[in-house]
Amino acid sequence: MSKVVLRGFGWRHAGRRAWAVRDVDLRIDHGERVLLLGPSGAGKSTLLAALAGLLPDDSGEQAGTVEIDGRSPADARDRVGIVFQDPQTQLVMARSGDDVAFGLENRGVPAAEIWPRVGDALDRVGFPYPITRSTAALSGGEAQRLALAGVLALRPGLLLLDEPTANLDPAGADLVRDAITRSRDHDTTLILVEHRVAEALPLVDRVVVLEAGGGIRADGTPEMVFTAYGNRLAEEGVWVPGFRISPRKAAAPPTGPPVARAENVTVDQRVHDVSMTADEGEVLAVTGPNGAGKSTFALVLGGLLAPTGGRVSAFGDQRPPHRWRAATLTSRIGSVFQNPEHQFVTSRVADELAVGPRRLGRSADETAGIVDALLQRLRLEKLAAANPYTLSGGEARRLSVATALATAPRLLVLDEPTFGQDRRTWTELVTLLAALRDEGHAIVAVTHDDDFVQTLADRTVSLGRLSRRPS
């Protein structure tokens, strides 16, 4: 077990005027299991990175102190395990079993213990493949399970989890939560960042809420925090159990021809015989288990990947989208990747939003107007000069959505569009998508977010299996 003490801790990324997190005084004793909450951008991921010793001096400015068992995080790394929001960033080996074994080998675990611990960790997270499975072939959710297995195999004294179930299907999320519960067997101190609050509460005995402007907003047992602060926390953007979200269904069913159509689409071993249509004025949710090929299908529908079988047609064009010129594709279809950082190409948020309009030949004044409107609409005004790679997960997701909107495409293909959002930004994002739908845009969203499906989707498709409209 490990004890954590922060005194006046703060961190400001290099080149940023605002602090990512500030004035945090916090003590977490051995064996405590803490749910860390706060609005998007409050500094939850930054705080976890600080505890993991992953904020080098040359990448920003620190205030206050951080100690783990009386040592600096850099000196206590052998006691700490972390799973990031983007698990792909911590997979280092070509084969899945080797990836889990990598950390054990680095820690000098006896050879006879390594593979039994690898197998145990993979079983605990419900990893569905043999140890020879290529890490490059894993879906985002599968990679998340593998990254967690790699950390659990180390049996850390302090376990840091940054939204470990965000991209998992319900069955996979249950397995991960069970694995977290069983980490008690190894006397592990836990700090968990999670937006699925109701599901996370059985895993913890304490809730700490970060204030957006700095400091601790609330700290105590789950019952105490949500009883005393629940209404105010919900208003400020924190996900609070029991607060319902009103559906935003389409005003009228679509009447025109489909904007896009997929017919028996196949992509090697990742997508199998998927057929669907995307209609004007409609939100289509694409659901299904991890590894079913949802993200790959989104790339095909967005014209970013050629199918190996079947065909995709859109906007009455005889050519499939993957054969369109870049400017044509950009003006017709906007795509948001599962990992937002994979689509960033500049070093400033405002410049990122300007890329699409400039590619379409918009004037400087037109481009500036588009950028300013999107910054305001998606609560990114204060981050206009920030490097996109220093944003929180929720901020990066909103930026990726904004870049897709910058060229006003009639078809939006979104992969996990609500990932990392607090209650307020989630509601604003859903409201924005509902407005676009009502203006006639077609929206296809790959998602594991059941609230999103129940609130906004007009139809759902589980990789070719059409379901009724959600009630």
Without swapping roles, check the side chain of [X] against the backbone of [Y] for a donor-acceptor pair under 3.5 Å.
| X | Y | value |
| --- | --- | --- |
| Trp19 | Glu61 | no |
| Asp458 | Glu282 | no |
| Asp169 | Asn290 | yes |

**Request:** Determine, step by step, whether Val267 and Leu305 satisfy the side-chain contact (heavy atoms from CB on, under 4.5 Å) criterion, reporting the C-alpha distance in whole Å, the side-chain angles of both residues, the deciding distance to 0.1 Å, and the verdict.
**Result:** CA-CA 9 Å; Val267 181; Leu305 181 68; 4.2 Å; yes

With a 4.5 Å heavy-atom cut-off, do [X] and [Y] have their side chains touching?
| X | Y | answer |
| --- | --- | --- |
| Leu190 | Val34 | no |
| Thr221 | Arg206 | no |
| Leu414 | Phe337 | no |

**Asked** Which residues satisfy the side-chain contact (heavy atoms from CB on, under 4.5 Å) test with Val109, sequence neighbours excluded?
**Response**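 Once residues adjacent in sequence are excluded, the partners of Val109 under the side-chain contact (heavy atoms from CB on, under 4.5 Å) criterion are Leu104, Arg107, Glu113, Ile114, Arg117.
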
**Prompt:** Asp178: what forms a side-chain contact (heavy atoms from CB on, under 4.5 Å) with it, not counting sequence neighbours?
**Reply:**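 For Asp178 the side-chain contact (heavy atoms from CB on, under 4.5 Å) partners, ignoring immediate neighbours, are Arg182.
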
**Item:** Asp78 bridged to Arg71 by N-O distance under 4.0 Å
**Value:**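 Salt bridge flag = yes for Arg71 with Asp78.
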
**Prompt:** Salt bridge or not for Arg27 and Asp29, using N-O below 4.0 Å?
**Reply:**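 Result for this pair is yes, salt bridge flagged.
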
**Asked** In Å and rounded to the nearest 0.5 Å, what is the CG to CG distance from Leu383 to Leu391?
**Response**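 If we round to the nearest 0.5 Å, Leu383:CG and Leu391:CG are 5.5 Å apart.
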
**Gap separating the CG atom of Leu152 from the CG atom of Leu154, nearest 0.5 angstrom** =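 These two atoms lie 8.5 Å from each other.
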
**Asked** Name the one of Arg423, Arg217, Arg424 that satisfies salt bridge (charged side-chain N to carboxylate O under 4.0 Å, His left out) with Glu236?
**Response**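 When salt bridge (charged side-chain N to carboxylate O under 4.0 Å, His left out) is applied between Glu236 and each of Arg423, Arg217, Arg424, only Arg217 qualifies.
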
**Message:** Are more than 12 heavy atoms, taken from residues, nucleotides or ligands other than Asp57, located less than 6.0 Å from that residue's CG atom?
**Reply:**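 It does not: Asp57 CG has 12 such atoms or fewer within range.
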
**Request:** Could you walk me through whether Ser400 and Arg397 pass the side-chain hydrogen bond (donor to acceptor under 3.5 Å, both in side chains) test, one step at a time?
**Result:** CA-CA 5 Å; Ser400 65; Arg397 169 54 74 219; 2.9 Å; yes

**Prompt:** Closest heavy-atom contact between Leu378 and Arg398?
**Reply:**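 Between these two residues, the closest heavy atoms are O-NE, 3.0 Å.
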
**Message:** Please determine whether side-chain contact (heavy atoms from CB on, under 4.5 Å) holds for the pair Thr189 and Leu159, giving the CA-CA distance in whole Å, both sets of side-chain angles, and the decisive distance to 0.1 Å.
**Reply:** CA-CA 6 Å; Thr189 303; Leu159 179 59; over 6 Å; no

**Item:** side-chain hydrogen bond (donor to acceptor under 3.5 Å, both in side chains) assessment of Ser40 paired with Arg379
**Value:** CA-CA 10 Å; Ser40 178; Arg379 287 184 178 268; over 6 Å; no

**Request:** Identify which one of Leu161, Leu201, Leu36, Thr165 satisfies the side-chain contact (heavy atoms from CB on, under 4.5 Å) criterion when paired with Glu194.
**Result:**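 Answer to the side-chain contact (heavy atoms from CB on, under 4.5 Å) test with Glu194 among Leu161, Leu201, Leu36, Thr165: Thr165.
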
**Worked verdict on Asp162 versus Ser45 for side-chain contact (heavy atoms from CB on, under 4.5 Å)** = CA-CA 7 Å; Asp162 198 349; Ser45 296; 2.6 Å; yes

